[in-house]
Colleague: 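Starting off with a structure, shown below.
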There are 2 protein chains.
Amino acid sequence: MNANPLVTRLQQFCPLDAGDLQDLNALSLDRRHIAHGTNIVHGGSAANHIHLILSGWAARYKVLTDGTRQITALLLPGDLCGVRCAMLSQMDQGIMALTPMHVAYIKPQALYRLESTSAGIRHAMNWCSLVEDATSRAWIINLGCRQALPRTANLFSELSERTMMSVPDSLADSFLPLTQLELADTLGLTPVHVNRVLRELQQRGMVALRRGGVMMTDLSALRQLGSFDGAYLRPKTIAIGEQTAA
Amino acid sequence: MNANPLVTRLQQFCPLDAGDLQDLNALSLDRRHIAHGTNIVHGGSAANHIHLILSGWAARYKVLTDGTRQITALLLPGDLCGVRCAMLSQMDQGIMALTPMHVAYIKPQALYRLESTSAGIRHAMNWCSLVEDATSRAWIINLGCRQALPRTANLFSELSERTMMSVPDSLADSFLPLTQLELADTLGLTPVHVNRVLRELQQRGMVALRRGGVMMTDLSALRQLGSFDGAYLRPKTIAIGEQTAA
DNA sequence: AAACATACTTAACATTTAATAGGAATGGTA
DNA sequence: TACCATTCCTATTAAATGTTAAGTATGTTT
């Protein structure tokens with residue numbers, strides 16, 4: 001793992017110069033271990049850090065008054081979350097660890113100061129937000145247009161792509177540490193129906209079921225079934241001058 | 001209408017100082033009339049402007065290979081869109097006018113330069129993105145958790161809130177210029193089922209149906225049925241020093 | 001006025017998904 | 001080992017939504 005994973009992450013989006021690297025490395029990263037099931041951010045509470053996920057998975061979710069829960073984002077190693085946490089409290093959303101995790105806590109003011117002074121860092125952060133935005137729109141499309149089977153396959157394809165980008169040499173590339181209940185709350189289905197869908201995917205040889213997760217065994221079949229196109233996860237980095245602002 | 005609607009918009013999110021106002025007013029706004037049905041941005045084409053909607057409604061959408069269309073955002077007067085258009089082409093999404101419109105075309109480079117020099121403008125733009133982000137997450141929740149009737153009521157409540165914020169003294173506050181087909185593509189339902197839902201809402205006295213749109217007649221009932229909470233549309237503006245980065 | 005395209009409405013039927021309930025496996029803990 | 005809480009699996013029934021098809025309005029163009 002890089003001495004400063006924030007550097008690794010931001011460089012995916014925008015080339016950074018020596019000064020940027022120095023400034024980022026000067027940020028003290030407060031690394032913490034988080035137990036499975038812990039709430040990193042509570043719905044309704046003020047969020048006073050930016051979180052960078054070093055290992056493990058988390059879910060951003062909201063619980064409605066009738067008790068139903070919707071997971072609105074899945075956060076993987078390398079993901080920056082809480083960039084927008086100031087809003088989370090008003091939105092009553094929370095973030096929960098789905099596995100044991102390592103998380104770097106970053107002081108927002110410190111990062112904000114860097115954004116003021118470095119166009120490169122500002123751009124990298126913007127691109128980071130752009131990918132988040134594109135991903136949530138892809139979820140809208142998935143929920144709105146696809147039925148349970150392709151919807152599930154599409155989600156799995158996205159998660160496969162994202163794990164490969166963030167931890168490319170991991171042996172566990174294709175394991176999704178989500179219970180069927182958590183999948184249900186992500187996909188807008190009931191746990192019972194998720195079970196039916198997973199069984200069908202298993203019969204077709206695309207996944208193998210484990211307690212507490214799913215092992216993907218035929219990625220290209222999943223991508224085809226879910227008509228997945230991951231272009232939105234890999235925005236072409238463009239020079240600062242050409243940047244379409246914001 | 002303000003001489004510079006961009007100023008009006010950004011000031012909703014963050015107080016701007018005299019210098020900011022001067023700089024923004026110096027931006028040449030290229031105002032154009034757009035006919036109903038026109039594609040402002042084509043999926044697959046490069047987007048080279050930021051668009052500020054002065055009047056009329058537009059939809060951001062994607063057409064899947066099987067022909068189904070999902071509308072991923074509705075854009076109302078005062079909305080800035082295309083801040084992230086560089087990505088639209090890669091995402092194969094387009095933006096289409098749902099009504100006749102007036103749109104201001106802004107050169108991204110010019111706005112980008114202002115962001116470099118003014119923390120206030122940078123913050124205002126960030127808050128603008130935050131509201132967009134919160135809105136798309138609200139759509140995920142709506143699509144994932146609610147059935148057709150409350151889902152429709154929730155969307156109507158959001159749109160009512162947004163129209164009131166953007167054109168508060170309009171007489172047409174409560175008219176939604178969306179055909180039932182467009183509503184279907186927004187809500188992830190079939191046009192036939194949208195018709196059933198609208199008829200039900202009409203029977204309950206919450207809406208009146210018009211050709212080409214829906215008139216909302218009982219907003220509080222719609223909000224209750226859709227369990228709508230619009231806090232995410234009105235983020236509390238905070239001072240720059242306290243800003244949680246982004 | 002006639003023709004036309006678009007939007008809306010309605011009905012019958014099919015399919016998907018939800019709801020409910022109960023049981024079986026798994027893993028942790030006293 | 002016994003207990004307990006999850007998670008997972010399965011079956012049945014019911015509800016929500018999709019599909020197909022056809023007809024009716026409405027506004028526009030000729």
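Chain identifiers are assigned alphabetically (A, B, ...) following the order of the sequence lines, protein sequences preceding nucleic acid strands; residue numbering begins at 1 within each chain. Only heavy atoms go into these numbers, but all of them, side chains included; no hydrogens, no water, no symmetry mates.
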Colleague: Mind calculating the distance between CD (Q147(A)) and P (dA14(C)) to the nearest angstrom?
Modeller: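 Rounding to the nearest Å, CD of Q147(A) and P of dA14(C) are 17 Å apart.
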Colleague: Does R146(B) or L181(A) map to a spot on DNA chain D nearer the 5' end, using the closest nucleotide for each?
Modeller: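 Looking at DNA chain D, the more 5' nearest nucleotide goes with L181(A).
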Colleague: Once you round it to whole Å, what is the distance between C1' of dA25(C) and CG of L209(A)?
Modeller: 14 Å
Colleague: Could you tell me the separation between the CZ atom of R211(B) and the C1' atom of dG27(D), rounded to a whole number of Å?
Modeller: 6 Å
Colleague: What does G37(A) touch in the nucleic acid at a heavy-atom separation under 4.0 angstrom: a base, only the sugar-phosphate, or nothing?
Modeller: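 G37(A): no heavy atom of the nucleic acid under 4.0 Å.
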Colleague: Given dT20(C), dT17(D), dT9(C), which nucleotide is nearest the side-chain atoms of V192(A)?
Modeller: dT20(C)
Colleague: Do L201(B) and L225(B) come within less than 4.5 Å of each other through their side chains, counting heavy atoms only?
Modeller: yes
Colleague: Round to the nearest Å and state the distance from L149(B) atom CG to dA15(D) atom C1'.
Modeller: 14 Å
Colleague: Starting at atom CG of L183(B), determine the distance to atom C1' of dC8(C), rounded to an integer number of angstrom.
Modeller: 12 Å
Colleague: Is the shortest side-chain heavy-atom distance between V207(B) and F156(B) below 4.5 Å?
Modeller: yes
Colleague: I need the NE2-P distance between H36(B) and dT28(D), as an integer number of Å.
Modeller: 12 Å
Colleague: Does a side-chain heavy-atom distance below 4.5 Å link Q180(A) with P191(A)?
Modeller: no
Colleague: Got a sec? Which of residues 193-207 of chain B come in under 4.0 Å of DNA chain D, heavy atoms?
Modeller: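 Per residue number, the list reads H193(B), R196(B).
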Colleague: Would R146(B) and S227(B) count as a side chain to side chain donor-acceptor pair (under 3.5 Å) if you check the C-alpha gap in whole Å, the side-chain angles of each, and the deciding distance to 0.1 Å?
Modeller: CA-CA 10 Å; R146(B) 282 188 266 266; S227(B) 60; 2.9 Å; yes
Colleague: Where each residue is assigned the nucleotide of DNA chain C containing its nearest heavy atom, which of A148(A) and E182(B) is assigned the position nearer the 5′ end?
Modeller: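 Its nearest nucleotide lies further toward 5', so the answer is E182(B).
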Colleague: Taking the side chain as C-beta and beyond, is there a heavy-atom pair between C81(B) and I95(B) under 4.5 Å?
Modeller: yes
Colleague: Are any of the side-chain heavy atoms of H49(A) and R32(A) separated by less than 4.5 Å?
Modeller: yes
Colleague: Could you check Y232(A) against D133(A) for side chain to side chain donor-acceptor pair (under 3.5 Å), going step by step and ending with a plain yes or no?
Modeller: CA-CA 10 Å; Y232(A) 65 93; D133(A) 181 72; over 6 Å; no
Colleague: Write down the distance between CZ (R210(B)) and C1' (dT6(C)), rounded to a whole number of angstrom.
Modeller: 19 Å
Colleague: Atom CD of Q180(B) to atom C1' of dT17(D): distance rounded to whole Å?
Modeller: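 In whole Å, dT17(D) C1' and Q180(B) CD are 16 Å from each other.
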